[in-house]
Amino acid sequence: MAITLPEYEVARLYQNSLVIYKVIEFPPRKTDRQKENEKNLTRGQFNGYLSVKGKSRIKKILSPWLNSVIEYRKAKAKIVVPKRPYLTFITLTLPAAQKHNDCEIKRVALNYFLINLQRRYNVQQYFWICETQKNGNLHFHIIVDSYIKWQSVRELWNVSIEKLGYVSAFEVEHKHRNPNSTDIHKIQNLDSIESYVMKYVSKGGGERVIRGKIWDCSKDLKKLKPYETVIDTETAALINKISHSINFRKFEDEKITVFSGDILGFTSVHSREIYRKLLTHWSECFKEIYLPKPKSNQDRPPIESEKVQYIRSINKASPQLEIDCPF
DNA sequence: AGGAGACATTACGCATCGTT
DNA sequence: AACGATGCGTAATGTCTCCT
């Protein structure tokens, strides 16, 4: 007599892709096979490049953050927050040949740079990722949520790297101390912020392995999760429409189905209800990171995905809150 | 083009000092 | 206040397997 285990399909919605996968709940039990597998674990050795999992994790974080800020700005600021975020994309380079190891660059220069972005320019949330240039130098892509003048960024970064002597090294060759070591621009009016950013994140190989962490971000961002929903009638209807549209590319194997294309735009036209839920999720993400934190010891509960809510509802039916306007 | 889970190591985030 | 320094806590990181 077979036991039926809770099994259901989940849809995850990004701005530019929709992922469908199956969730099977089973009791946590370590098989002998699993124990054997664990012998092969590398125990925290960094291999020097961005793994598939890392890339996936980055998308899970950046998608809700960037989209929530963009939607917030579009919505004429109904939510009152102390800081009105403004997305900025910064690139940092070393103006002379790298003489220190990667960890030292990050610990001394990048760390100083990030701390001072927060202190001087009211940066609250940030994300960074590093890669190597053709010349072997490490360089960084950073996203922050403040407007900062390019001169200020350059000045701050040059101070940061001079702690390791890179401005002086530059001066020897170029006879001045103001290297153009940074690039900065606003993130705006892009069809897909996700594609744009993930392009930087996953530009492939790199010239050499990188020591230490490849990427990181502010603490709050790590709490964010993309919108997920158990596939109900409504979601199934949307998926059906998407699968019949010529505007999406489809990838499918036995475990997963992925549709790539303008999911957000399509949903806004073909399923107002799911569109609303998606925006609501992003607005919750927004509040989570930009509303002042409660002072007391009681932490606010983490955002619950629909998946979690669904699992709860199996045990206990609970009324759903209707939110009037997400942003 | 997935997710979860196994987990030791340690790089990095950031709160909190101390100093000016 | 502003900023440098420090120390502690946290989570990123690798690979592999199963998907009851």
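Numbered from 1 within each chain, the chains take letters A, B, ... in sequence-line order. Everything numeric here is computed off the predicted structure, so don't read it as measured data.
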Touch check for [X], heavy atoms < 4.0 angstrom, all strands: base, sugar-phosphate only, or nothing?
X: S17(A); result: nothing
X: S56(A); result: sugar-phosphate
X: Y126(A); result: sugar-phosphate

Y21(A) aromatic ring stacked with six-membered ring of dG2(B), 5.5 Å and 30°: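 The base of dG2(B) is not stacked with Y21(A) (the test needs centres under 5.5 Å and planes under 30°).
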Most 5' of Y14(A) and C217(A) on DNA chain B, judged by nearest nucleotide: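 The answer here is Y14(A).
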Closest-nucleotide 5' rank along DNA chain B - winner of D216(A) and K60(A):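 That would be K60(A).
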Measure CD1/I129(A) against P/dT13(C) and give the value in whole Å, please.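 Computing the I129(A):CD1 to dT13(C):P distance gives 9 Å.
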Whole-Å distance separating the CD atom of Q118(A) from the C1' atom of dC12(B):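 Spelled out: CD on Q118(A) to C1' on dC12(B) is 12 Å.
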[X] side chain N/O closer than 4.0 Å to the phosphate oxygens (OP1, OP2) of [N]?
X: K106(A); N: dC12(B); value: yes
X: Y121(A); N: dA2(C); value: no
X: W128(A); N: dC12(B); value: no
X: W215(A); N: dT13(C); value: yes

Applying side chain to side chain donor-acceptor pair (under 3.5 Å), name anything that partners N111(A), two or more places apart in sequence or on another chain.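 For N111(A) there are no side chain to side chain donor-acceptor pair (under 3.5 Å) partners, ignoring immediate neighbours.
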With sequence neighbours left out, what residues match [X] under salt bridge (charged side-chain N to carboxylate O under 4.0 Å, His left out)?
X: K99(A); answer: none
X: K219(A); answer: none
X: K60(A); answer: none

For T235(A), which residues count as a side-chain contact (heavy atoms from CB on, under 4.5 Å) partner, sequence neighbours excluded?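 Testing T235(A) for side-chain contact (heavy atoms from CB on, under 4.5 Å), a comparison that skips the adjacent residues, returns A11(A), T229(A), I231(A), D232(A), I239(A), I274(A).
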Residues two or more places apart in sequence or in another chain: which of them pass side-chain contact (heavy atoms from CB on, under 4.5 Å) with S168(A)?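 Listed in chain order: E162(A), R177(A).
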Runs of at least three consecutive Watson-Crick or G-U pairs, both distances under 3.5 Å, are what I'm after; which ones involve DNA chain C?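 Only these stems qualify: B:2-20 with C:1-19.
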Ignoring the backbone of I214(A), work out which of dG13(B), dT13(C), dA1(B) is nearest its side chain.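 The answer is dT13(C).
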Taking the hydrophobic residues Ile, Leu, Val, Met, Phe, Trp and Tyr, and joining any pair whose side-chain heavy atoms are under 4.5 Å apart, which ones share a cluster with Y86(A)?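 Its cluster partners, ordered by chain and number, are Y147(A).
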Tell me whether I115(A) shares a hydrophobic cluster with L221(A), the cluster being built from Ile, Leu, Val, Met, Phe, Trp, Tyr side chains joined at under 4.5 Å.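 Per the 4.5 Å side-chain linkage, I115(A) and L221(A) are not co-clustered.
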Between N111(A) and K219(A), which is nearer to the 5' end of DNA chain C once each is assigned its nearest nucleotide?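 Closest to the 5' end, via its nearest nucleotide, is N111(A).
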Between D220(A) and Q125(A), does the side chain to side chain donor-acceptor pair (under 3.5 Å) criterion hold? Intermediate values first, please. CA-CA 7 Å; D220(A) 287 344; Q125(A) 309 300 336; 3.1 Å; yes
Nucleotides 3-5 of chain C: which of its N/O atoms have a protein N/O under 3.5 Å away?
residue : atom : partner : partner atom : Å
dG4(C)  : OP1  : Y112(A) : OH           : 2.4
dG4(C)  : OP2  : Y112(A) : OH           : 3.3
dG4(C)  : N7   : R119(A) : NH1          : 2.8
dG4(C)  : O6   : R119(A) : NH2          : 3.0
dA5(C)  : N6   : R119(A) : NH2          : 3.3

